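Note that the structure is predicted; figures quoted are calculated from it, not measured. Sequence lines set the chain letters: A, B, ... in the order given, protein chains first and strands last, and positions in each chain run from 1.
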Amino acid sequence: MAEGRHNPLLELRDIRKTYRTRRSLFGSGGREVVALNSVSLEIYHGEIFGLVGESGSGKTTVGRLIVRLEDPEQGSIRLEGVEVTKLRGKALRDFRRKVQMIFQDPYQSLNPQLSVFDTVSEPLTVHRIGNSSQREEQVRKALTAAGLSPPEDYVFRYPHQLSGGQRQRVAIARAMVLKPSFIVADEPTSMLDASISAQIFNILIEMREKLDATLLFITHSLAAARYLCDRIAVIYKGNLMEIGSADEIIQNPIHPYTRALLDALPRFGDCGEMKYYGTLLGREREYVEPSACPFFPRCRPADETKCSRDKPLLKEIFPSHFVACFEPDLKQAEGSGGDTCFYGT
Amino acid sequence: MLLEVENLSVGYQTKKGFLKAVEEVSFTLEKGKSLGLVGESGCGKTTIGMALMGLLPPNGAVTGGRVMFEGHDLLKMSERELRGIRWRKIAMIFQAAMNALNPVHRVDDQIAEAILTHNPQISKEEAVKQVEELFELVGIPKTRMRDYPHQYSGGMKQRAIIAMALACRPKLIIADEPTTALDVIVQHQILQETKNLQKEFNISIIFISHDISIVADVCHHIGIMYAGQLVEYGRREEVFNNPMHYYTKALLSSYPTLSREKKQLLPIPGDAPNLVEPPPGCRFCDRCSASGATCKTGPPEWVEITPTHRALCDRCLEDCGERKHKS
């Protein structure tokens, strides 16, 4: 996606978001939890960008901020150069048409009282697009593109009559029907079986081609991100740890946390000599300064003095490969891995 | 042989008719070994686990077969006899087991209670000591024993449940999706620990999962299930390095690899058949890349590839013959 390098479609600058825990009945007030700590990202036109992290890393918060389900405390979000956080009225409505989200759980994201047709046509009605026959045609097209064909078999069904994979495809059709230019897909396959996940991945790739859309793919799995994404960012406790091209992150991971994630991927088949980094501490360090590197408590190669005091910033270590680590170990682990080594997603 | 399952069939009475959830499934499990049962949702894998424990819901019933556990048929036992075996000899870790902890009791009390219920002869102090040992085994620090479940992370809750399953030193553990909903790193740690515990106590485990990658590392044998039937069974290396059934092959190609060459994922087209009126022939043939005219008409036969590896597919050896000719 080199052609669009200079003008990112979406730009996040120093985003900070905190949540306050609920006050207890007698307590003096909630504790502040930092969900995102000065996160900056650029996503270019036409790319699928992967945001990889564990639960609680803040990855879903990034997605929710982008579609403006929430507002950041600090920082700016720009889509096509326009500040998103300040949009009001008609501009906001237009924005909502351009940006769509696919949620994690298709068992909860669909209204059980709406048929497939009503679900997919609702965004068109809300945005007053087309007349009824045009809408019908668009719903038909979206369903077919999402792999629900022939659409006639599905339009009158309700969510409870669909399997998990079919529901997620309805959710995708609903996101597609407005022809958005930016789509946030938040773990769209974590509730689905492997063979169904593969279908969803391939539909998302087709969707990018068909709609000329840009995608943010939020996932916990580096293997899934590698398959789907052009670039990957790894997030840990609200901090970006490593950003690079998908191949670079998988073949040449630098940050100890990325390496620990790769070590932990479940794998099977003919794996031969596998790379193993062993960067995760068996027992977490207990007393850690709040200013320390967020991964310091679990990091084996950490420098006890430096990493315990300050938080490293992202640095460009190889061209377009950024790592937030004071003393990154550039040496890669030995091992090739068999060609038929499969990974869980 | 610790467990021998022979031609087990289970069905559910539903509004649309009698649903044959599991049909003629046979496998064996030796002491200290583990078996992974893998299949997509609705293939009957959880039903097998429930049938073994005698915990089928009211509309479910075993319609045939034998389940021999230490020489006794579990299916012929009374509820009373089963209660003597459940938890003491066969423990089960359920799907989303972490929600099984009672939120208003401290974790160590809950596990001590489980121990006391099944061994009324031991004292409370003895039970608490056992809990301490169990927590050490599964890697929960002693300082967290007196916590309530909500103070635990997902991984710790899962560890506590594993501790509970180990409490009565069972011979067999049935673990149904034990790590679903856990993060990759935590999942990895728990799977490794399970493997160590299994070796240490010589426990047999049946792992049930929709995800091959989870069972691959911990299981000695793998059974692939499709639409209520076991379609391939063998040692782990045999099934992964030389998959014979076309469903297994298709399933494997829907997982990504991380090798330098990015491989296209090939999803399996179509849907699984309706199990109220299953097709007369091979149940996978509508989605199979190699199905022929004979596949649809009659049920497929088991083909033995090696003494420990078999597949329920008439055509799997034809392909194998071709491959041999080529090489």
Asker: Could you please state which residues from residues 162-169 of chain A sit under 4.5 angstrom from chain B, measuring non-hydrogen atom to non-hydrogen atom, sorted by number, or 'none'?
Answerer: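 Result: A/Q166.
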Asker: Please list, chain by chain and in numerical order, all residues satisfying salt bridge (charged side-chain N to carboxylate O under 4.0 Å, His left out) with B/E193, sequence neighbours excluded.
Answerer: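 Expected list: B/R159.
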Asker: Which of parallel (below 30°), tilted (30 to 60°) and perpendicular (above 60°) describes B/Y255 and A/F268?
Answerer: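 Answer is perpendicular, since the angle exceeds 60°.
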Asker: Assess whether atom CD of A/E286 is packed by more than 12 heavy atoms of other residues, nucleotides or ligands within 6.0 Å.
Answerer: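 Not more than 12 within 6.0 Å, no.
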Asker: B/Q189 versus chain A, heavy atoms under 4.5 Å apart: side chain, backbone, both or neither?
Answerer: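 Contact with chain A is through the side chain of B/Q189 alone.
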Asker: At a heavy-atom distance under 4.5 Å, which candidate from A/H220, A/R226, A/R283 has the highest pair count against chain B?
Answerer: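 Among the listed options, the one with the most contacts to chain B is A/R226.
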Asker: Could you tell me which residues in residues 186-199 of chain A have at least one non-hydrogen atom under 4.5 Å from a non-hydrogen atom of chain B, sorted by residue number?
Answerer: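 If one takes a 4.5 Å heavy-atom cut-off, the residues of residues 186-199 of chain A near chain B are A/L192, A/D193, A/A194, A/S195, A/I196, A/A198, A/Q199.
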Asker: Which atoms of B/L252 come close to chain A, meaning under 4.5 Å heavy atom to heavy atom: side chain ones, backbone ones, both, or neither?
Answerer: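 Interface part for B/L252: both.
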Asker: Tell me whether the count of non-hydrogen atoms from other residues, nucleotides or ligands lying under 6.0 Å of CD in A/Q161 goes above 12.
Answerer: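 Counting other residues, nucleotides and ligands, CD of A/Q161 exceeds 12 neighbours.
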Asker: Is any side-chain heavy atom of B/Q187 closer than 4.5 Å to a side-chain heavy atom of A/P266?
Answerer: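 Yes - at least one pair of side-chain heavy atoms lies under 4.5 Å apart.
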Asker: At what distance, to the nearest 0.5 angstrom, does CZ of A/R267 lie from CG of B/L258?
Answerer: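 Result: 8.0 Å between the selected atoms.
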Asker: Kindly give the heavy-atom pair with the smallest separation between A/Y227 and B/P256, and that separation in Å.
Answerer: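 Result for this residue pair: CB-CB, 4.5 Å.
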Asker: So does B/Q192 have more than 12 non-hydrogen atoms from other groups sitting under 6.0 Å from CD?
Answerer: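 Correct, the count exceeds 12.
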Asker: Side chains of B/V184 and A/L222: closer than 4.5 Å at any heavy-atom pair?
Answerer: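 They are not in side-chain contact.
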Asker: The criterion is ring-ring contact (aromatic ring centres under 6.0 Å, His included); which residues satisfy it with A/F318, sequence neighbours excluded?
Answerer: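 Per chain and number, A/F318 pairs via ring-ring contact (aromatic ring centres under 6.0 Å, His included) with A/H321.
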Asker: Grab the two heavy atoms, one from B/N241 and one from A/G269, that are nearest each other, plus how far apart they are.
Answerer: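 That would be OD1-C, 3.9 Å.
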Asker: Ignoring hydrogens, what is the shortest heavy-atom contact between B/L265 and A/N202? Give both atom names and the distance.
Answerer: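 The answer is O-ND2, 3.1 Å.
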Asker: Using heavy-atom distances under 4.5 Å, tell me whether A/I205 contacts chain B through its side chain, its backbone, both, or neither.
Answerer: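 Answer is neither: A/I205 stays 4.5 Å or more from chain B.
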Asker: Hey, what do you get for CZ (A/F342) to CG (B/L251), rounding to the nearest 0.5 Å?
Answerer: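 The CZ atom of A/F342 sits 10.0 Å away from the CG atom of B/L251.
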Asker: At a heavy-atom distance under 4.5 Å, which candidate from B/L266, B/I212, B/V239, B/D271 has the highest pair count against chain A?
Answerer: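 Most heavy-atom pairs under 4.5 Å with chain A: B/I212.
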Asker: Measuring heavy-atom distances to chain B, does A/I250 have an atom under 4.5 Å in its side chain, in its backbone, in both, or in neither?
Answerer: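 When you check distances to chain B, only side chain atoms of A/I250 fall under 4.5 Å.
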